[in-house]
Amino acid sequence: MKPRQICQGVFWLGAVDWNRRLFDSLIPLPDGTSYNAYLVQGSDKTALLDTVDPAMVDVLKHQLADVPVIDYIVSHHTEQDHSGSIPYVMEMYPRATVICSPKAKDLLISHLHIPADRIKTIEDGETLSLGHKTLRFLLTPWVHWPETMVTYLAEDRILFSCDFLGSHIATSDLYAGQDPSVIEAAKRYYAEIMMPFRKAVQGNLKKIRGLEFDRVAPSHGPVHDHPELILSAYEDWVSDRVANTVVLPYISMHGSTEIMVNYLVSALAERGITVHKFELSTTDIGKMAMALVDAATIVIGTPTVHVGPHPSVFSATHLANALRPKLRFAAIIGSYGWGTKAVEQISGLIPNLKVEVLGTVLCKGAPLEDTLSELDALAETIRTKHASLQAHPE
Ligand code: FEO
């Protein structure tokens, strides 16, 4: 892709990674992603905001071939999908200075071996004049690492937000428009990397709400030219409100746990509760993460393998704990062969989840009427608890 002009003196650069399917060797990317950099040319100086994943540095080098001078390389975030090509750009422009937050300096030196004397740190709110264009830097920790910051270009009313408000989606469109699939991709992105820092994200949202901008230019996905859509979506995701939904990750070895899961899904649906059910041998964990963004309850379904939970359930529960969703309630159901410690072991996996445990329904072997009655009772308890939240939402 060639550079694309956003407005006079401001260009999108970067690489669209249509074929990437996994991030951090963990996160599924069903729609690929992009690594966006932005070139801002003032009357006196030129700045490059972020770079690209080093695997695609040649794309960026090609785009920069006709750019004679870069004075500043702004690094919003040290994770290598944005900073990894800074050393190559520094070689192309030996006089360029790297601009970053105080916390990023140490990280850029550690991760990329950038010489300290080529780094200039900025303080929160500090400005840098390029001549007729002024970059204003705002520290926004934990979107996504502790060192992250954003840049505001007041003259053109653009906010460059890096990971914050971004989306893993490959597209030939420069702008998101009002495409709901971009908001969907942004929700997946929020769920996978921002949700553990929800309170910090709340604070950063308030901070950028104090700025006036028409466009948000993130470092993944298209530019938001209707920024209210992404801002209001984020405000919903980070709020303390939960939805009348249950996330139900499970696996079954011989079918008994699956019978229990299907019975509970039906019992919850009869009570007006939406269930997001994820069979863990086939599911996309990104979808489970998305469902956890606003669910009120998680019900974990597991058979017992050598006394403990199935390893796939162990892994999914560990992930849910790491993502720190705003769940209020939890329950565990499942079948076992002759004995089990699955409940104790799962309970030990979720210290980050500030949930009220609503109970467990365990069954030796295949479920009979007594187990199904217990599942009905659990569904009724969940309905009552959700109803109480709607009466007292905060
Ligand atoms: Fe897109 Fe946290 O890196």
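Bear in mind that the values here come from a model prediction, so they are computed numbers and not experimental data. Order of appearance sets the numbers: ligands from 1, and atoms from 1 within every ligand.
When the N, O or S atoms of D163 are ranked by distance to atom 1 (Fe) of ligand 1, OD1 comes first. The nearest N/O/S atom of H144 to atom 2 (Fe) of ligand 1 is ND1. Between atom 1 (Fe) of ligand 1 and the N, O or S atoms of D81, the shortest distance is to OD2. H220 contributes NE2 as its N, O or S atom closest to atom 1 (Fe) of ligand 1.
Between the D71 side chain and the T46 main chain, a donor and an acceptor come within less than 3.5 Å of each other.
For E79, every N, O or S atom stays at 2.8 Å or more from atom 1 (Fe) of ligand 1. Metal site remark for atom 1 (Fe) of ligand 1: H82 contributes an N, O or S atom at a distance under 2.8 Å. At a cut-off of 2.8 Å, H77 coordinates atom 2 (Fe) of ligand 1 through an N, O or S atom.
For S232, there are no side chain to side chain donor-acceptor pair (under 3.5 Å) partners, not counting sequence neighbours.
The ring of H144 has its center closer than 6.0 angstrom to the ring center of H77. Centroid-to-centroid, the aromatic rings of Y152 and F160 stay 6.0 Å apart or farther. Between W338 and H306, the distance separating the two ring centers is not shorter than 6.0 angstrom.
Other residues, nucleotides and ligands contribute only 12 or fewer heavy atoms inside 6.0 Å of the CD atom of E369.
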